[in-house]
Student: 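My questions will all concern the structure given below.
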Amino acid sequence: MYLATQSRIQQAVRDFAQRQWQLDVNVLISVPPQPAMGDMALVLAMELARKLRRPPKQIAEEIAAAARLVPGVARVEVAGTGYVNIFLDRAAYASRMMATTIAKTEVSTAVPLAEKIIVEHTNINPNKAAHIGHLRNAALGDTFVRLLRARGAQVEVQNYIDNTGVQVADVVAGFLHMEKKTPEDVARLIADPTIRFDYYCWDLYARVSKIFEEDKSRLELRRRTLQEIEHGEGDTARVAEMVATEIVRYHLRTMLRLGVEYDVLPRESEILHLRFWDQAFELLKQREAIYLESEGKNAGCWVMRQKGAAETAAKEIDSADATAAGDDTKVIVRSNGTVTYVGKDIAYQLWKFGLLGRDFHYQPFHTYPDGRVLWVSSMTSGQAGAPAFGQGQKVYNVIDVRQSYLQDIVAQGLRALGYQSEADRSIHFSYEMVALSPRTCELMGIELSAEDKARPFVEVSGRKGLGIKADDLIDQLIGEARREVDSRHPDTPDEKRAEIAQKIAIGALRYFLLKFTCTSVIAFDLKDALSFDGETGPYVQYAVVRARNIFRKLSDEGGRFDLSRITPELLASSLNSPEGDSFWQLLYLCSRWEFAVEQAVATSEPAAMAKYSFQLAQAFSNFYHHHRILIEQDPDRKMFLLWLVSVLDSHLTHALDLLGIEVPAAM
RNA sequence: GCGCCUGUAGCUCAGCUGGAUAGAGCGCUAGCCUCCGAAGCUAGAGGUCGCAGGUUCGAACCCUGCCAGGCGCACCA
């Protein structure tokens, strides 16, 4: 509704500018700072003043005259130095809102929706439990997927599993060499219901890392373990497979608690064994994107020269600290013949665009409660019926900002292969890290160095075992919510209370992770995250719950909401009455949900959607306190108010759904 | 050293791609439950938008230079 109206006005003004001044203008429409000033504002007159060498106010009058003719516009005013303020025909607008039910594919923009978009997110190394940093990735990725789907796009969600990397190797080395376990021992550990295997690995990983740190001579063990895993050999590979698969199952369970689901799990082991890399390697060599280094510290490696590196290379760098001197090449294949992450990722990106000329085999890995099947890449041709994965027209890679450099190199690899446009359509959806506030560290008994204490936040480190495990946090949030629910609803059945507490906890967590923009480091503070007041998920949920309570109470009293009694005349009289302004503002804000979606997608900022939902909840809370609906004497007015509440309910529920937040039955 | 990001109220953050009197939440102060649930509402105090120049009708936003902080710059991912 909002976007359609907006584009109608844009079109009219653009046509007018074309006719009147033979100018091709971009008509920007904004919302005036105060509702009394109008519903939409044009600043075009001020922009054109110089070009037309005429006073902006005069130009504004002409634009206003054109805007007045647009259907749905009630009146237009020129204000200030040349603003064109548009007031919409409220009743007509409301009628059209009533005619359209809010649906997932309703955003009425002219974006090409036939394209298939691939979103890759989560990508946790399968060697330990997930922590809060991973939750931010998944919450952002999942919300972005929901936003894209709301616009009608076809989206495929991939969760890349690096099951052959160093991180898994470290845990495997820990099991086999530190703990002297056999594959059977590890299998028993996994089968033991009293042990959280992912938590066990969390600790083991920290221990192994410490030992490698202390004694560099043991790094040979890491190297050997890694190689055995890559080649799929013996006990090492068996244990790696067991560990990675089991941990992935834990990760999926954790993410499902947040309502996050995936379509396919492409695994690194298949990238290697199905020779994806060999194919990419051939391409890279053919196009001379990489070359075999014969001298220097990278002798024996296949390397890629970086963009603009030639001049840098020409300069002689004789500084002592060579690490700081900046390298101009990036190793793709190590001297021992193994491939680096960048190399594998180039192959993976090529596959995503359908440029590799190869495909995975697939097997079902898991069936979600809603019936959706999650597939995993596989060596052997598995079950029939797997969808056609990959072949995206656009790819979003949700990866934290610290990997920007590597992402750039991957994109450069694509360009070096001649895939310029694919590189442009492979987007690094970058976000800042989640760190811990010093206060939270203290609360958790984490000892801080004097250096760390002076910092505004402390970086999470899986390697050091420093961080908050995702499930621990969720459990704590549920506990906190449960206490509140118990005290408010002592008579509600236990099962119901558990469900309510769970939804509140998840709502709080997802909102907390989403309300910051991507460039903001979240200095995670336990107290803030556990709060259910103010700008939080529960505040927004509460608004919907109260809206629904009105309808529940209504039917308890034997009343009935009858949509057919909302006539155009009633809408007109209600919205144009002296107090109609406040009704209109609520209604208008509801209609702008699609703008929030557009904004969030265009800027890759799910936070915009979170902010919008909070704003809408706030507007309703205010409305709620000003109007006692159920005791309203005038039956027409009561119906109108009920209608407003129902519009709010559907829109806010939908907004929350896009954030992956459910509405509890009560609060 | 080079690259990217950030600096807005006491704290944590928004700020619709350059527009009108810079906004929220938390915290603080003062009110509001006989009334659809107070996880709520209302009001108040609190700002040199890091600093200095520049661009223009107009700058928190764009450009330049400083200052401060963060993150990258591996044959780890």
Student: I want to confirm an ordering. Mapping A/H626 and A/V43 to their closest nucleotides on RNA chain B, which one lands closer to the 5' end?
Tutor: A/V43
Student: Between A/W643 and A/F561, does the ring centre distance come in under 6.0 Å?
Tutor: no
Student: According to a strict under-4.0 Å criterion, is A/N123 in side-chain N/O contact with OP1 or OP2 of B/A77?
Tutor: no
Student: With rounding to the closest Å, how many angstrom separate the P atoms on B/G19 and B/G15?
Tutor: 13 Å
Student: Could you check whether the side chain of A/N85 and the base of B/A20 have a donor-acceptor pair of N or O atoms closer than 3.5 Å, going by distance alone?
Tutor: yes
Student: Please confirm whether A/Y348 and A/Y160 have ring centers closer than 6.0 angstrom.
Tutor: yes
Student: More 5' along RNA chain B: A/H627 or A/S621, using each one's nearest nucleotide?
Tutor: A/H627
Student: Roughly how many Å apart are B/G18 and B/A60, using the C1' atom of each and rounding to a whole number?
Tutor: 11 Å
Student: Have a look at B/U17 and give me syn or anti from its glycosidic angle (syn if within 90° of zero).
Tutor: syn
Student: Would you verify whether the NZ or CZ of A/R546 falls within 45 degrees of the ring axis of A/Y624 while also being under 6.0 Å from that six-membered ring's centre?
Tutor: yes
Student: A/F524 and A/F512: aromatic ring centres closer than 6.0 Å?
Tutor: yes
Student: Looking at B/G19 and A/Y83: do their rings stack (centroid distance under 5.5 Å, interplanar angle under 30°)?
Tutor: no
Student: Checking base pairs now: Watson-Crick or wobble, both atom distances under 3.5 Å. What partners B/G47?
Tutor: none
Student: Please determine, for B/A39, whether a Watson-Crick or G-U wobble partner exists with both distances under 3.5 Å, and give it or none.
Tutor: none
Student: With rounding to the closest Å, how many angstrom separate the C1' atoms on B/A39 and B/C33?
Tutor: 15 Å
Student: Closest approach to the side chain of A/Q403, judged atom by atom: which nucleotide of B/G37, B/G72, B/A77 is it?
Tutor: B/A77
Student: Run the salt-bridge test on A/K503 and A/E499 with the 4.0 Å N-O cut-off and return the result as yes or no.
Tutor: yes
Student: Return the nearest nucleotide to the side chain of A/T519; candidates are B/A20, B/C5, B/G70.
Tutor: B/C5
Student: Expressed as a whole number of Å, how far does the C1' atom of B/C62 sit from that of B/C41?
Tutor: 41 Å
